[in-house]
Protein chains: 2
Amino acid sequence: MRTESKPTIQDVAKHASVSIATVSRVINNQGGVRAETEKRIVHAIKELGYVRNAVARSMKKKETKMIGIIIPDINNPFFPLVVSGIEQQARKKGYYTMLSNTSESPIVESEIINILVERGVDGVVITTADEYGKQFQILQEQGIPVVALDRRINEYNFDSVLIDNIDGAYQATKQLILQGHQDIAIICGPHSTTPGRDRFAGYLKALSDYEIPLNDQFVVQGSFSEEGGYSATRTLNELEVRPTAIFSSNNLMSIGCIKALQDLEWRLGEEVAFIGFDDIEIATFTKPKLSVVSRPMNALGELAFQLLHERILANEVFSPRNYLLSPELKIRESCHLGNIRLNHKRS
Amino acid sequence: MRTESKPTIQDVAKHASVSIATVSRVINNQGGVRAETEKRIVHAIKELGYVRNAVARSMKKKETKMIGIIIPDINNPFFPLVVSGIEQQARKKGYYTMLSNTSESPIVESEIINILVERGVDGVVITTADEYGKQFQILQEQGIPVVALDRRINEYNFDSVLIDNIDGAYQATKQLILQGHQDIAIICGPHSTTPGRDRFAGYLKALSDYEIPLNDQFVVQGSFSEEGGYSATRTLNELEVRPTAIFSSNNLMSIGCIKALQDLEWRLGEEVAFIGFDDIEIATFTKPKLSVVSRPMNALGELAFQLLHERILANEVFSPRNYLLSPELKIRESCHLGNIRLNHKRS
DNA sequence: GTGAAAGCGCTAACAG
DNA sequence: CTGTTAGCGCTTTCAC
């Protein structure tokens, strides 16, 4: 039912025999219009099926009440949870959120940033796919408020809401050590990302604090994906001396790891202990249940929006705020090995 | 670093000593500009940090190259997967997608639709939270192409891409029957939704085809959520005669159901068989592995965008296309009961 | 209370 | 090849 062309404020004005200025007043509830006139206008709006054109409006007002959210992987359940937190707060303050997914592609990310800037979003919350990229330049130039979420953005002074990844990994590794493990492997994420690097650092720190020498063979790399965790676990399985415990750096990797364990018949909880970064749905369905490092997703999102909002409202420039939220170690069952003996070759 | 105010095409023109028309030609790669002039303009653009204002542009062009995607639950993994399919196709055709989440709230949905219309999206793909609502009126009036995805929209002639829910549920139930089950319970979703109703219909049809009388006690209701599945399962567990098999209508409900089974120590695969609608991550981590009805998420999304795109491009009005994709039954381990005896009181 | 008119930044004829 | 100009639909003074 393609109508001729959408009715404009002009049409409404004509229909109600008033000027467009008066119609505008009514549309925006500015008052100062005689009740009778208003009624006529409201009637005309209904009759014509008029809808205010937000594009034209933004053009005058120089604000869009839209904020962009850019995430790297919509299929990683972590992000939808964070997004919910942002949305919730944004809605309260009358902002509309546009969510975009880069699928970890710096190119796509760059395109999206450009589109958002062109469309004049009032601010953006981003978990970047490329910490060192130049794609943020334009945001900075245009003076658009940005909050970096979960992944640091180097060389730009944006606000940030991050997780203390070092601490999280440290706690997990420490827990494993206290359970008597010495041969602890880590499935690392890409070192090109803050979380990848930091979680490795936390692992290292725990080993060092408890004077356990680092065994290079127990450090395997992968992308933050199921496949990454799967193949890393296979690698680990082929070692002459297999680790007695595995720390996985990311939720998707954990899934891949557990799948591999099953496929390889490398018995979780009997032959190998496990702690993963991020809580996952399957954690309580495996046997034994998985111990994990859990992040406050909702809080992360809420805080991010709050910071963004403050900056949108602010007139002056002020220095960046950097928040570091603490993850929580959720000990379930997978981190100790019952009565099965550990290798302890080195002790 | 809030700049004075963003540079416009005017500023660029002045800076390069040309007219705005020429700048516009360069910006839009329309050619017909002397190389030397172009270079000067490009230089000016760089120098000033100019970015084309898409708001103003859309205002002239009457197209935004944006399509809106509205989903009811971003935390249900089904939707991100569908969204990926849409995004992928949209990107190929030069469209940018704005994703919005209604959290199953008709009110929020209505607001979002209004915002999208005001912003002049070229089309919208929607999985509605309210099949019978009036919120679509505005889309129809404005002649904005709409594709209903996964949930039918009644009383409006939009294109639709749905799943054959009846068939999916039928297959699942039939499978259970063929395994020898007679006491088959169904955990239903809300009857206010197409999937809720249709899946129940498929269940009914299978029972009827195999001449198994319907037992009202085996039909329990719940919302499409983990909680819904959990409490429904508890209800089932309290029956004097418990079912020997459960068909769960939705992925989240399946998770809740399995959790309840664990908590109640109602042994999956021994005391009760299970098939769920939608494949879920945990399906292969439970013991036994869960049999499920699986939907082609990606195909669903791709097709939806394709239909939308055709309509955006079309000038004439043509009648709605309705697609019904078939789900696939993935038989794993949870639908037979090994050598445990079935009730068979009625046989 | 209401209206006239000046743009917001851009595109697209239409002239040169 | 390049410039002039007329809007797109709306908000917002400034008059009446």
Side-chain angles (χ1 to χ4, degrees), chain A residues 3-42 44-45 48-66 114-115 117-122 142, chain B residues 3-42 44-45 48-66 114-115 117-122 142:
Chain A
T3 30
E4 272 317 301
S5 78
K6 301 176 185 174
T8 73
I9 198 172
Q10 291 282 2
D11 302 322
V12 176
K14 207 166 297 168
H15 205 86
S17 312
V18 292
S19 76
I20 57 170
T22 309
V23 176
S24 176
R25 287 187 189 102
V26 171
I27 296 170
N28 297 294
N29 287 307
Q30 291 177 327
V33 176
R34 206 193 316 161
E36 201 265 313
T37 315
E38 172 156 359
K39 195 160 23 165
R40 229 169 50 235
I41 294 175
V42 170
I45 290 178
L48 267 45
Y50 168 76
V51 186
R52 147 145 111 348
N53 181 329
V55 174
R57 176 170 219 260
S58 294
M59 183 151 167
K60 285 274 341 166
K61 307 255 302 183
K62 307 316 197 57
E63 67 162 29
T64 56
K65 283 284 183 183
M66 295 201 302
N114 277 291
I115 291 171
V117 171
E118 286 184 359
R119 294 232 92 83
V121 289
D122 293 345
Q142 304 287 315
Chain B
T3 29
E4 272 316 301
S5 78
K6 300 178 186 175
T8 75
I9 199 172
Q10 291 282 2
D11 301 321
V12 177
K14 207 166 296 170
H15 206 85
S17 313
V18 292
S19 75
I20 58 169
T22 310
V23 176
S24 177
R25 288 188 188 101
V26 172
I27 295 170
N28 296 294
N29 285 308
Q30 292 176 325
V33 177
R34 204 193 316 161
E36 202 264 315
T37 315
E38 171 155 0
K39 197 161 18 162
R40 229 166 53 233
I41 294 174
V42 170
I45 290 177
L48 267 44
Y50 167 77
V51 187
R52 143 144 112 353
N53 181 330
V55 174
R57 175 171 219 256
S58 295
M59 183 151 170
K60 281 271 352 163
K61 307 253 305 181
K62 296 341 192 43
E63 66 162 30
T64 56
K65 283 286 185 180
M66 295 201 304
N114 277 292
I115 291 172
V117 171
E118 286 184 0
R119 291 240 157 266
V121 290
D122 294 343
Q142 305 287 313

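Here is the naming used below: chain letters follow the sequence lines, and residue numbers restart at 1 for every chain.
A side-chain donor from one of S58(A) and R119(B) sits under 3.5 Å from a side-chain acceptor of the other. Between the side chains of R57(B) and N28(B), at least one donor-acceptor pair of N or O atoms lies under 3.5 Å.
Between dG3(D) and R25(B), no contact under 4.0 Å exists linking OP1 or OP2 to a side-chain N or O. Contact check, N53(A) against dC8(D): no side-chain N or O comes under 4.0 Å of OP1 or OP2. Note on R34(A): a side-chain N or O is less than 4.0 Å away from OP1 or OP2 of dT2(C). In this model, the phosphate group of dT11(C) is approached by a side-chain N or O of R57(B) to a distance below 4.0 Å at OP1 or OP2. Contact annotation: Q30(B) reaches the phosphate of dA12(C) (side-chain N/O to OP1 or OP2, under 4.0 Å).
Remark: C1' of dG7(C) and CE of M59(A) are 9 Å apart, rounded to the nearest angstrom. Whole-Å rounding puts the K39(A) NZ to dT2(C) P distance at 13 Å. Here dT11(C) presents its P atom at 9 Å from CD1 of I20(B), a figure rounded to the nearest Å. If you measure from atom CD1 of I41(B) to atom C1' of dC1(D), you get 11 Å, rounded to the nearest angstrom. Computed from coordinates, the I9(A) CD1 to dC10(D) P distance equals 5 Å when rounded to whole Å. Atom CZ of R52(B) is separated from atom C1' of dC8(C) by 17 Å (rounded to the nearest Å). Rounded to an integer number of Å, the gap from L48(A) CG to dG9(D) P is 13 Å. With rounding to whole Å, E118(A) atom CD is found 17 Å from dC8(C) atom C1'.
Taking every side-chain heavy atom of K62(A) into account, dG9(C) is the closest of dG9(C), dG3(D), dG3(C). Each of dT11(C), dC10(D), dG9(C) was ranked by its minimum atom distance to the side chain of S24(B); first place goes to dT11(C). Side-chain atoms of V33(B) lie closest to dT2(D) of the nucleotides dC8(C), dT2(D), dG3(D). Of the candidate nucleotides dG3(D), dC10(D), dG3(C), dG3(C) has the atom lying nearest to any side-chain atom of S19(A).
Across all strands, V18(A) comes closer than 4.0 Å only to sugar-phosphate atoms, never to a base (heavy-atom distances). Across all strands shown, T37(A) has heavy atoms under 4.0 Å from sugar-phosphate atoms exclusively, and none from any base.
Side chain K60(A) to base dG7(C): a donor-acceptor pair is found below 3.5 Å.
Expressed to the nearest 0.5 Å, how far CE of M59(B) lies from CE of M59(A) amounts to 5.0 Å. In this structure, OG in S19(B) is found 9.5 Å from CD in Q10(B), a value given to the nearest 0.5 Å.
Of the possible donor and acceptor atoms, one in the side chain of D122(B) sits under 3.5 Å from a partner among the backbone N and O of K65(B). Checking side-chain atoms of R40(B) against main-chain N and O of A16(B) turns up a donor-acceptor pair under 3.5 Å.
Summary of helix geometry: the two end axes of the helix from dG1(C)-dC16(D) to dG16(C)-dC1(D), each defined by five base pairs via their C1' atoms, are inclined to each other by 40° (rounded to 10°).
The existence of a salt bridge linking E38(B) and R34(B) is excluded, since no basic side-chain nitrogen approaches an acidic carboxylate oxygen closer than 4.0 Å.
Residue order along DNA chain D, read from the 5' end via each residue's closest nucleotide, puts A35(B) first among A21(B) and A35(B). Both A56(B) and N28(A) lie close to DNA chain D; mapped to their nearest nucleotides by heavy-atom distance, the more 5′-ward contact belongs to A56(B).
The minimum heavy-atom distance between Y50(A) and I9(A), with the atom names listed, is CE1-N, 3.5 Å.
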